[in-house]
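Below, read A as the first sequence line, B as the second, and so on, with proteins coming before strands; counting in each chain starts at 1.
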Amino acid sequence: MNKSIHQSLFFLFLLLLQVIVLNNINFLGYINPYLYIVFVFLYPLKENKFPLLFYSFILGLSIDFFSDSGGIHAFSTLFIAYIRLFFIKVYFKKTPLDYPFFKLKDESFGKVFNFTITLTIIHHLIYFSFANFSFQNLSIVFLNTLFSCIFTLILFFLGTYIFTKKEQ
Amino acid sequence: MQQIIYFFQKFKYFLFFLLLEFIALFFTFNNLNFHKSKYVNSANRITGSLNASLSNFSEYIDLKSKNELLSEENTKLRNQLEKNRLVPSKDATITDSTKYRQKYTFTQAKIINNNYSKQFNFLTINKGKSAKIDSEMAVINSLGIIGITENISENYTRVQSILNKNSKINARLKGNSRYFGTLKWNSNDYNTVQLHDIPRQAPLKIGDTVETGGKSTIFPEGIPIGRISKINQGNTTNSELEVQLFNDMSNLRYVYIVKNLHKIEIQSLENISNE
């Protein structure tokens, strides 16, 4: 019970943070971080994949409502939510038995870095390809992906550094 | 039957994933069509009221510059008024906005959400059906054109910005030569738009003013747009011009919505001739 309240608060926090603050940064005119995908990284591992797929779709769609982008955020967020388990198996070598005990902050920095950077690049690439919606200006798509990835990851690692409690 | 159930059991996550992805794609394609995007847009009650309260908060930051803009516009309008009063003869330019032949009405509104960094940009304004706003009305401010209204809810309206790859607006060169073309945006820079289909023989100079052409039922004639900043004259009969906008599209607050009172009359005439 406590956990689900925690999850929904986290959901709301990420949504509001994205639409109120991060969508309006426009660093150098067009670079924005998309930090809300952290929801997909941190959602607890379970056998049942329906909740994660559904919540990430709703999160993406709510951001679409605010930023007038159709269903692009929903599409790309749902995609990384679906392939998340595959990359957890690849990078962290987990079996279904380990799922209840898996926590991202307990893993080594290198593995977490690989995991997050892969999902972030995939998400941003899908997002910017759909936002561009043509085969012209492909260089802009790649540049946007690169810069936004860097921005998102910096914010993510700063955030985890600040908000994780140090164990003594 | 057993086989089908087994199939659904095995691929249930993938099928669910596909279903949601198709819904997302449906919304995406819908959003790209002007007038069809009725599902996902920012002109609904929840997003509208949140954006409105946010813009109330951020309004104070640029209060001073907006005041200066307003007083400049006032001065301009006063000068125009005096000009009409001093020369009451028939030689003076007769505008359509005189009392009994009024063609346009203006409604004031505030922008509560503004995008300019994407390829398909939209604005949200705080007037809707309750203020008699309809779709396909022009949105302008004192410096130039901003966009066309699209989705309307009770109190909010979504506006397709001129910084949208779907936007096409009739525009002409100001001055004696009335060459006209189509204004589009190539999504590279939010300060410049492109003017297409200007004939090659048109006399062009960098710095010439571009204004709306009045050949559509949406925009009134002669609303300023921008200045020509670059002329690309290729081997074709048409030339493409880069137009530097008068408006700073990243810093907008108060706008006017223009309603054309003759729109239905004009459109009914044009539809007859098409048949």
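When side chains are defined from C-beta on, Phe27(B) counts as touching Leu61(A), because their heavy atoms get closer than 4.5 Å. A heavy-atom distance below 4.5 Å is found between the side chains of Thr28(B) and Phe130(A).
With a 4.5 angstrom heavy-atom cutoff, Ile140(A) touches chain B only via side-chain atoms. For Asn188(B), the part lying near chain A is the side chain, with the backbone staying farther off; criterion is any non-hydrogen pair under 4.5 Å. Within the 4.5 angstrom heavy-atom criterion, only side-chain atoms of Phe57(A), from C-beta onward, approach chain B. For a residue to count as touching a neighbouring chain, one of its non-hydrogen atoms must lie under 4.5 Å from one of that chain's; by this rule Ser62(A) does not touch chain B. Residue Asn24(A) does not touch chain B at all, counting heavy-atom pairs closer than 4.5 Å.
Atom-to-atom distance recorded for Thr124(B):OG1 and Phe66(A):CZ is 10.5 Å, nearest 0.5 angstrom. Rounding to the nearest 0.5 Å places OG of Ser117(B) at 8.5 Å from CG of Asn144(A). Going from atom CZ of Phe14(B) over to atom NZ of Lys49(A) covers 10.0 Å, rounded to the nearest 0.5 Å. Atom CG of Asn115(B) is separated from atom CG of Asn23(A) by 8.0 Å, given to the nearest 0.5 angstrom. Taken to the nearest 0.5 Å, the CD1 atom of Ile63(A) stands 13.0 Å off from the OG1 atom of Thr47(B). Distance check, rounded to the nearest 0.5 Å: OG of Ser69(A) to CZ of Phe120(B) gives 11.5 Å.
Around atom OH of Tyr34(A), more than 12 heavy atoms belonging to other residues, nucleotides or ligands sit under 6.0 Å away. In Lys94(A), the NZ atom is crowded: over 12 heavy atoms of neighbouring residues, nucleotides or ligands sit closer than 6.0 Å. In Phe109(A), the CZ atom is crowded: over 12 heavy atoms of neighbouring residues, nucleotides or ligands sit closer than 6.0 Å. More than 12 heavy atoms of other residues, nucleotides or ligands shown are found within 6.0 angstrom of CZ on Phe39(A). Within 6.0 Å of OH in Tyr256(B) there are 12 or fewer heavy atoms belonging to other residues, nucleotides or ligands. Environment of CZ in Phe157(A): crowded, with over 12 heavy atoms of neighbouring residues, nucleotides or ligands closer than 6.0 Å. Other residues, nucleotides and ligands place more than 12 heavy atoms under 6.0 Å from the CG atom of Leu12(A). Within 6.0 Å of CZ on Arg227(B) lie no more than 12 heavy atoms contributed by other residues, nucleotides or ligands.
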Intermediate values then yes/no, side chain to side chain contact (heavy atoms under 4.5 Å, CB included), Tyr13(B) and Asn48(A): CA-CA 9 Å; Tyr13(B) 298 123; Asn48(A) 185 0; 3.8 Å; yes
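Most heavy-atom pairs under 4.5 Å with chain A: of the set Ile23(B), Asn51(B), Leu50(B), this distinction falls to Leu50(B). Ranked by non-hydrogen atom pairs under 4.5 Å with chain A, the options Gln119(B), Glu21(B), Lys118(B), Lys165(B) are led by Glu21(B).
Taking the six-membered ring for Trp and thresholds of 30 and 60 degrees, Tyr82(A) and Phe17(B) have nearly parallel ring planes, at less than 30 degrees apart.
Here the closest heavy-atom approach between residue Leu20(B) and residue Phe54(A) is recorded as CD1-CA, 4.3 Å.
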